[in-house]
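The structure under discussion appears below in the form of structure tokens.
Note that the numbering runs from 1 along the sequence shown for the chain. Only this structure's heavy atoms are used, side chains among them; waters, hydrogens and symmetry mates stay out.
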Amino acid sequence: MSMTQVFRWVVGAVVVSASVFAQGQTVAASVDSPVAAVANRTPWEYGALVQGGVGLEQRTDYSFFLVGGHLGKVLTPELGTGLFKGNFEYAVEVFPLWQSYTPKFQRLNCPLGATVASQCLETTTGGTYRGASITPIMLRWNLTHGTRFMPWVQAAGGVVYTTRKYPGVGDLDPLDPTQTGPSADTSVWNFTPQGGIGAHYFVKSRRSVDMSVNAVHISSASLGDKNPGVNVSLQLSVGYSWWK
């Protein structure tokens with residue numbers, strides 16, 4: 001064997017060894033870092049979650065409880081460097097169980113032109129409202145610089161349907177048609193623009209426990225005659241996701 005052949009053989013062996021080592025390092029990194037295994041692909045995310053919270057400002061006596069699911073798709077490869085390195089995910093969340101707990105109170109339902117309470121029907125309103133919610137637009141940036149911990153920030157918009165007009169309005173003044181007249185009511189449809197922060201903690205490869213904090217606004221956009229809404233609520237969620 002000539003020196004030229006030996007040299008070529010050595011160079012080839014070094015190249016092959018380096019390639020095998022690099023592949024081994026990549027596999028090891030994926031095994032050691034579940035975040036990297038997800039970040040280096042564009043996977044689907046399937047999750048189940050429970051969410052609850054309270055109203056703020058003028059709605060501190062309101063509370064919420066939701067149960068549903070999350071479906072997301074990572075649309076981009078990993079972008080950027082440093083702490084803000086990440087990828088973009090589009091997702092949808094559906095809550096077939098949506099409940100809001102509000103104070104009960106009495107109100108009058110008065111016909112047009114009523115001037116005394118005896119012309120009106122006194123009823124109880126408020127209490128527990130039930131319905132379903134869907135958030136079809138969820139834009140999320142996943143921060144992928146970690147090993148097991150993957151934070152995110154997001155903005156989203158959705159809609160909620162309730163079996164009764166939400167929230168309850170009214171009082172016991174027959175001379176105030178804005179509160180007791182035939183048009184003094186809200187809507188069964190409300191919109192839910194929202195934004196929040198959260199994180200996945202990968203308990204194993206392609207399996208994560210999820211936590212988030214969301215600020216949710218609830219408004220009918222004047223679909224009803226009145227739109228008192230819930231200016232802001234703070235809602236926490238806990239879930240579990242599978243990455244495919």
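In the hydrophobic clustering of this structure, Met150 does not group with Leu75; members are Ile, Leu, Val, Met, Phe, Trp, Tyr whose side-chain heavy atoms approach within less than 4.5 Å, directly or through other members. Tracing side-chain contacts under 4.5 Å through hydrophobic residues (I, L, V, M, F, W, Y), one reaches Leu139 starting from Val92; they form part of the same cluster. The hydrophobic clustering, which links ILVMFWY residues whose side-chain heavy atoms are closer than 4.5 Å, places Val160 and Leu56 apart. Residue Ile134 is not grouped with residue Met138 when hydrophobic side chains (ILVMFWY) are merged at heavy-atom distances under 4.5 angstrom, including chains of intermediate members. Hydrophobic clustering keeps Val230 apart from Val159 (ILVMFWY residues linked when any side-chain heavy atoms are closer than 4.5 Å, directly or through intermediates).
Note that the CD1 atom of Ile137 and the CD atom of Glu93 stand 13.5 Å from one another [nearest 0.5 Å]. Taken to the nearest 0.5 Å, the OG1 atom of Thr124 stands 7.5 Å off from the NZ atom of Lys104. Leu49 CG to Met211 CE: the interatomic distance, rounded to the nearest 0.5 Å, is 12.5 Å. Here the CZ-CD distance, from Phe64 to Gln99, works out to 12.0 Å after rounding to the nearest 0.5 Å. Taking CZ of Arg140 as the start and CZ of Phe88 as the end, the distance is 11.0 Å to the nearest 0.5 Å. For the atom pair Leu108 CG and Leu172 CG, the distance stands at 5.0 Å (nearest 0.5 Å).
Heavy atoms of other residues, nucleotides or ligands lying less than 6.0 angstrom from CG of Leu112 number 12 at most. At most 12 heavy atoms of other shown residues, nucleotides or ligands fall within 6.0 angstrom of atom CD1 in Ile197. Atom OH of Tyr90 has more than 12 heavy atoms from other residues, nucleotides or ligands within 6.0 Å.
Annotation for Ser187 and Gly224: closest pair CB-N, 3.7 Å, computed over non-hydrogen atoms. When all heavy atoms are compared, the tightest approach of Pro111 to Gln119 is CD-O, 3.2 Å. Smallest separation of non-hydrogen atoms from Pro136 and Gly157: CD-O, 3.3 Å. Across all non-hydrogen atoms, the minimal contact from Ala184 to Thr178 is CB-O, 3.3 Å.
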Decide yes or no on side chain to side chain contact (heavy atoms under 4.5 Å, CB included) for Ser241 and Glu45, but give the supporting numbers first. CA-CA 6 Å; Ser241 289; Glu45 178 195 355; 2.8 Å; yes
Derivation and outcome, side chain to side chain contact (heavy atoms under 4.5 Å, CB included), residues Lys73 and Thr42: CA-CA 7 Å; Lys73 173 64 175 174; Thr42 54; 4.0 Å; yes
Output, in order, the C-alpha distance, side-chain angles, deciding distance and verdict of side-chain hydrogen bond (donor to acceptor under 3.5 Å, both in side chains) for Asn214 and Gln154. CA-CA 9 Å; Asn214 295 286; Gln154 68 181 24; 3.0 Å; yes
Go through the steps to decide whether Trp141 and Leu79 satisfy the test side chain to side chain contact (heavy atoms under 4.5 Å, CB included), and finish with yes or no. CA-CA 10 Å; Trp141 181 255; Leu79 303 173; 4.1 Å; yes
Audit row: Tyr240, Val203, side chain to side chain contact (heavy atoms under 4.5 Å, CB included) steps and yes/no: CA-CA 10 Å; Tyr240 191 87; Val203 293; 3.9 Å; yes
Begin from the C-alpha positions of Trp189 and Tyr161 and carry the test ring-ring contact (aromatic ring centres under 6.0 Å, His included) through to its verdict. CA-CA 5 Å; Trp189 292 100; Tyr161 168 79; 5.0 Å; yes
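Within the 3.5 Å criterion, the main-chain N or O of Val169 finds a donor-acceptor partner in the side chain of Arg107. In this structure, Gln179 contributes its side chain and Asp176 its backbone to no donor-acceptor pair below 3.5 Å. Judged purely by atom type and a 3.5 angstrom limit, Gln194 has no side-chain atom pairing as donor or acceptor with the backbone of Val216. A donor-acceptor pair under 3.5 Å is formed between the side chain of Thr186 and the backbone N or O of Pro167. A distance-only check finds a donor-acceptor pair linking the side chain of Ser33 to the backbone of Ala36 [under 3.5 Å]. With hydrogens and angles ignored, the 3.5 Å screen pairs a side-chain donor or acceptor of Thr180 with a backbone N or O of Asp173. Put simply, the side chain of His217 gets close to the backbone of Asn231: a donor and an acceptor are under 3.5 Å apart. Between the side chain of Asp210 and the main chain of Val238, no donor-acceptor pair closer than 3.5 Å is present. Under a 3.5 Å cut-off, the side chain of Thr192 and the backbone N or O of Gly158 do form a donor-acceptor pair. Judged by distance alone, with hydrogens and angles left aside, the side-chain atoms of Arg148 form a donor-acceptor pair with the main-chain N or O of Phe202 at under 3.5 Å.
Put simply, the side chain of Phe65 does not reach to within 4.5 Å of the side chain of Gln51, judged on heavy atoms. The shortest distance between side-chain heavy atoms of Phe95 and Val67 does not fall below 4.5 Å. At a threshold of 4.5 Å between non-hydrogen side-chain atoms, the residues Ser219 and Asn227 count as touching.
For the ring-ring contact (aromatic ring centres under 6.0 Å, His included) criterion with Tyr166, the lone passing option out of Tyr101, Trp98, Phe191 is Trp98.
Seen from the ring of Tyr129, Arg164 counts as a face-on cation partner, given the 6.0 Å and 45° thresholds. Cation-pi geometry between Arg206 and Trp243 is not satisfied (NZ or CZ under 6.0 Å from the ring centre, within 45° of the ring normal).
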